[in-house]
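Everything numeric here is computed off the predicted structure, so don't read it as measured data. Numbers restart at 1 for each chain; the letters A, B, ... are given by sequence-line order, proteins then strands.
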Amino acid sequence: MDPIVAGASVLAAALAVGLAAIGPGIGQGNAAGQAVEGIARQPEAEGKIRGTLLLSLAFMEALTIYGLVVALVLLFANPFS
Amino acid sequence: MFYPLTLAKLEVGQHLYWQIGNLKLHGQVFLTSWFVIGLLVLVSFLASRNIQRIPSGIQNVMEYALEFIRDLAKNQIGEKEYRPWIPFVGTLFLFIFVSNWSGALVPWKLIHLPAGELAAPTNDINTTVALALLTSLAYFYAGFSKRGLSYFAKYIEPTPILLPINILEDFTKPLSLSFRLFGNILADELVVAVLVLLVPLFVPLPVMILGLFTSAIQALIFATLAAAYIGEAIEGHGHGGEEHE
């Protein structure tokens, strides 16, 4: 592999995961905070809130995973090598 | 790839190829998915072989699973239409769930293949794309068989200006479904493999448990989303949502 392509791919992989983690991180924090608030206000709804929270956390996590998929493609199945 | 210890190694993008005609198959995926299918068939057979009015043992477990899937389908598709879709949603859920857990729980790495390595079938993009395309076909069929040609009215539903976006949605749904599952499972296995590479004992355990948890959630999400898409196609955008919520 061309060293410039290799270097650019490694950098791009790091950026893909790193940047993709920012948004979902903020989103998950928000969601978890709101869920805690909801539980504090209405402790009897805890089970329902927890279920919905986990499901929506997994949705947000998927966005980081997209970045990870791009990073993995760059590292292990690089189309430019 | 790198092999600092023979104990653990990391392989991505290497497969055991089977050549059938002009097709190149990823053999390791077939082997593990046959294992998963066999396991599911065996358990279902054992559970339904001798059905008792008062369930016990394995029949009890399978009835719990069935009730879980039925509730999931009922919540997403709606009281009236959910019945014929339980087998489809249930198959998706059980196959993905058992695949994900088999990748984490069965010590596949002890079996050496000439190339590639055995792992969860869902960590190959082809498996997840196949499942996602099946889901696409299923919701298309559900909408078309229920509402006929008026199903296509959903493409211009709020306004005809949204037509391109509505068409695009049909492509992004399977894309996001398949990438979500594939990425999560592959990421799990990679994280565990990297940790095993660094510290082979005890340290990877919590991450493995987290992996079990996320794989279960991913199976649940795939099945929930498939059911939600089917429900949406059956009800239509405009007058949906009376049955549930």
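Of all residues spanning residues 176-183 of chain B, those with a heavy atom less than 4.5 Å away from chain A's heavy atoms are B:Ser176, B:Phe179, B:Arg180, B:Phe182, B:Gly183, arranged by number.
To the nearest 0.5 angstrom, A:Phe59 atom CZ is 10.5 Å from B:Ile217 atom CD1. Rounded to the nearest 0.5 angstrom, A:Leu57 CG and B:Ile221 CD1 are separated by 9.5 Å.
With a threshold of 4.5 angstrom between heavy atoms, B:Leu220 approaches chain A through side-chain atoms but not through N, CA, C or O.
The neighbour count for B:Leu23 CG, taken as heavy atoms of other residues, nucleotides or ligands under 6.0 Å away, is above 12.
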Trace of the side-chain contact (heavy atoms from CB on, under 4.5 Å) decision for B:Asn184 with A:Leu68
CA-CA 9 Å; B:Asn184 268 292; A:Leu68 183 75; over 6 Å; no
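Inter-residue side-chain proximity for A:Val69 and B:Leu186 is flagged as unmet; no heavy-atom pair is nearer than 4.5 Å.
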